[in-house]
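Have a look at the structure below before the remarks.
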Amino acid sequence: MTDTDNKPFMRRIQTFMRRSSPFTASQKQGMAEFGSRYILPRSREIFSAEKIFGRIAPLTVEVGFGMGHTLVQMAQAAPDRDFIGIEIHEPGVAQICYELGTQSVSNVRVMDEDALELLETRFTDNSIDTFQLFFPDPWQKARHYKRRFVNHANAALIHKKLKAGGIFHMATDWQNYAEWMLEHMETAPGYENIAGKGNYHPRPDFRPLTKFEARGHRAGHGVWDLLYRKI
């Protein structure tokens, strides 16, 4: 037993809301055939990417991957990199297991737990190369802004877990949240804006364009990327 086993979880304002819906046929198959292969069991042991993937490789952690299509594409495009996807939406977890299993993707694992608790209790400091937060819940009402994932406390936590030179990559299609992200990250200690102070980053080629995003572009909706490097 480690010190982590005895450490109580701290209560915090949740940045997510659990939602569910009936599984589709592919999602049922994903859980039945591939769930045990891709979903990491809940534990309080310190996370070891080398042990899980059987190699030493750059590690990307994505929080809130939705149905997982983008994460699967990124993993396929970067076989020399390992990926951890964190998602509490059960149909999304089931769907990504189906996609990973039917396409024989080996460099992704899934965790279906609170991302902040995982970062605090299982990920060691200076262990993550890239931390991704794509299209998180914008919590549109002002009284709910406190639930937004991007804030100074969470930026500091992510900073601790990133390796030197590691990247915190955010993307949103809500302008108000993009401005919020920019405001908080510009004043977060230990980061530099890769696009230059006060600037948004053009969509990187390595972030796949989703169908939802493409439809939004056609309708005139904006999408904002922000990339910050740990210094």
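The first residue of the sequence shown is numbered 1, and numbering continues consecutively from there. The figures here come from the full heavy-atom set of this structure, side chains too, leaving out hydrogens, waters and symmetry mates.
- Residues I128 and L119 have side chains in contact (heavy-atom distance under 4.5 Å, counting atoms from C-beta outward).
- The two residues Q27 and P22 have their closest heavy-atom pair at OE1-O, 4.0 Å.
- No donor-acceptor distance shorter than 3.5 angstrom exists from the side chain of H169 to the backbone of L133, with no hydrogens or angles considered.
- P208 approaches F206 most closely through the heavy-atom pair CD-O, 3.2 Å.
- The number of heavy-atom neighbours closer than 6.0 Å to CG of D205, taken from other residues, nucleotides and ligands shown, is 12 or below.
- The two residues D80 and R55 make their nearest non-hydrogen contact at C-NH2, 3.8 Å.
- Between R122 and E45 there is no salt bridge, since no side-chain N of the basic residue sits under 4.0 Å from a carboxylate O of the acidic one.
- A side-chain donor from one of N193 and E186 sits under 3.5 Å from a side-chain acceptor of the other.
- Cation-pi contact between R37 and F34: absent, since separation from the ring centre below 6.0 Å together with deviation from the ring axis within 45° is not met.
- Ion pairing between a basic and an acidic side chain is recognised when a charged N comes within 4.0 Å of a carboxylate O; R109 and D82 show no such pairing.
- Side chain of K161 to backbone of S127: no donor-acceptor contact under 3.5 angstrom is found.
- Within the 4.5 Å cutoff, the side chain of H201 has heavy atoms near those of the I194 side chain.
- Closest of all the heavy-atom pairs between V105 and A75 is CG1-CB, 4.2 Å.
- The shortest side-chain heavy-atom distance between T24 and K28 does not fall under the 4.5 Å cut-off.
- The residue from F131, F134, F149 that alone fulfils the ring-ring contact (aromatic ring centres under 6.0 Å, His included) condition with F168 is F131.
- Atoms CE and CG, from M74 and N107 in turn, are 11.0 Å apart once rounded to the nearest 0.5 Å.
- The closest donor-acceptor contact from the side chain of N199 to the backbone of A195 lies under 3.5 Å.
- D137 approaches Y177 most closely through the heavy-atom pair O-CE2, 3.6 Å.
- Taking hydrophobic clusters as Ile, Leu, Val, Met, Phe, Trp and Tyr residues chained together by side-chain heavy-atom distances below 4.5 Å, L226 does not share a cluster with I231.
- Here the side chains of V93 and I39 are in contact, with some heavy-atom distance below 4.5 Å.
- Note: the hydrophobic cluster containing Y98 does not contain L40 (ILVMFWY, side chain heavy atoms under 4.5 Å, direct or indirect links).
- A 4.5 Å side-chain heavy-atom check between D112 and R42 finds at least one atom pair inside the cut-off.
- Residues L100 and V72 have side chains in contact (heavy-atom distance under 4.5 Å, counting atoms from C-beta outward).
- The pair K163-D129 meets the salt-bridge criterion, with a side-chain N (NZ, NE, NH1 or NH2) lying under 4.0 Å from an Asp/Glu carboxylate O.
- Using a 4.5 Å heavy-atom cutoff, the side chains of Y191 and I158 are in contact.
- Between H184 and H152, the two ring planes are tilted [angle within 30° to 60°].
- Counting heavy atoms from C-beta on, the side chains of M170 and Q132 never come closer than 4.5 Å.
- Under a 4.0 Å N-O distance rule, the pair R207/E213 qualifies as a salt bridge.
- Stacking of R148 on the aromatic ring of W139 is not recorded, the 6.0 Å distance cut-off and the 45° axial limit not both being met.
- Residues R143 and K146 share a closest heavy-atom pair of O-CE, 3.7 Å.
- One N or O on the side chain of K230 and one on the backbone of L162 form a donor-acceptor pair closer than 3.5 Å.
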